[in-house]
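These notes concern the structure reproduced below.
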Amino acid sequence: MSVSNGLLDSISDMLRPLGAISVRKMFGGAAMYCDGQIFALVSDDVLYLKVDAATRSAFEVEGCGPFTYQMPKGVQVMAAYHKTPDRLLDDEDELRSWVRDAIAVSQRATKIASAVKKRSIKAPR
């Protein structure tokens, strides 16, 4: 896995109108955030956006599959991120639209995780 700084800078510049874009490099790739909310991964110079049941079909229609990586002992894991159509990197408006959806997915996931955590804290032991 690797990612070029030029690609990260280009994507960040295109997305600035959406909010404060930040990048955290990790494991040879990078995670992208908007206003502190993770919405994308970049690995091997490929942009993957966060998906859920409501948005996954748009990626599947485009033939864009999930982000995968190999764990020790050959176990393959698929994360909740799908490759973006290549054309998005040439169309700022369409890229922003897809990223807005990915940010909404991330916000929904955060709300669900928070609600689950609250329920588990309140549960009697």
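Because only heavy atoms are used, hydrogens play no part in the values below, and waters and symmetry mates are left out as well, while side chains stay in. It should be emphasised that the depicted structure is a prediction, and the values quoted were computed from it without experimental measurement.
For the pair Pro85 and Cys64, the tightest heavy-atom approach, listed with the atom from each and the gap, is N-SG, 3.6 Å.
Checked against salt bridge (Lys or Arg N to Asp or Glu O under 4.0 Å), Arg24 has no partners two or more places apart in sequence or in another chain. Scanning for side-chain contact (heavy atoms from CB on, under 4.5 Å) contacts around Asp90 gives an empty result, with sequence neighbours left out. Ser106 pairs by the side-chain hydrogen bond (donor to acceptor under 3.5 Å, both in side chains) definition with Gln37, not counting sequence neighbours. By the ring-ring contact (aromatic ring centres under 6.0 Å, His included) test, Phe59 pairs with His82, Trp98, sequence neighbours left out. With sequence neighbours excluded, the residues satisfying salt bridge (Lys or Arg N to Asp or Glu O under 4.0 Å) with Asp86 are Lys83. Taking Glu92 as the reference, Arg96 meet the salt bridge (Lys or Arg N to Asp or Glu O under 4.0 Å) condition, with sequence neighbours excluded. Applying the side-chain hydrogen bond (donor to acceptor under 3.5 Å, both in side chains) test to Asp45 and every residue at least two apart in sequence or in another chain returns Ser4. Every residue two or more places apart in sequence or in another chain that forms a side-chain contact (heavy atoms from CB on, under 4.5 Å) with Ser12 is listed here: Arg16, Ile21, Val23, Met32. For Glu60, there are no side-chain hydrogen bond (donor to acceptor under 3.5 Å, both in side chains) partners, not counting sequence neighbours. For Tyr48, the ring-ring contact (aromatic ring centres under 6.0 Å, His included) partners are Phe67, not counting sequence neighbours. Looking at residues two or more places apart in sequence or on another chain, you find a salt bridge (Lys or Arg N to Asp or Glu O under 4.0 Å) between Asp52 and Arg108.
Here the CZ atom belonging to Arg56 is positioned 10.0 Å from the NZ atom belonging to Lys50, to the nearest 0.5 angstrom. One finds the CG atom of Leu18 at 9.5 Å from the OG atom of Ser97 (value rounded to the nearest 0.5 Å). Separation of atoms CZ (Arg100) and CG (Leu95) is listed at 9.5 Å; rounding is to 0.5 Å.
No continuous path of ILVMFWY side-chain contacts below 4.5 Å connects Val105 to Val51, so the two sit in separate hydrophobic clusters. In the hydrophobic clustering of ILVMFWY residues, with side-chain heavy atoms under 4.5 Å counting as a link, Phe27 and Ile38 come out together.
The closest side-chain heavy-atom distance from Asn5 to Lys25 is below 4.5 Å.
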Item to check | Worked check of side chain to side chain contact (heavy atoms under 4.5 Å, CB included) between Leu89 and Leu47 | outcome: CA-CA 9 Å; Leu89 296 180; Leu47 176 65; 4.3 Å; yes
Checklist entry - Should Arg87 and Glu62 be marked as a side chain to side chain contact (heavy atoms under 4.5 Å, CB included) after you check the CA-CA gap, both sets of side-chain angles, and the distance that decides it? => result CA-CA 11 Å; Arg87 72 174 187 284; Glu62 295 278 350; 2.8 Å; yes
Item to check | Step-by-step side chain to side chain contact (heavy atoms under 4.5 Å, CB included) determination, Val42 to Val46 | outcome: CA-CA 5 Å; Val42 181; Val46 176; over 6 Å; no
Checklist entry - Between Phe39 and Leu15, is a side chain to side chain contact (heavy atoms under 4.5 Å, CB included) present by the stated rule, with each step listed? => result CA-CA 12 Å; Phe39 68 89; Leu15 299 179; 3.7 Å; yes
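With hydrogens and angles ignored, the 3.5 Å screen pairs a side-chain donor or acceptor of Asp91 with a backbone N or O of Asp93. The backbone N or O of Gly19 sits nowhere less than 3.5 Å from a side-chain atom of Asp35 that would complete a donor-acceptor pair.
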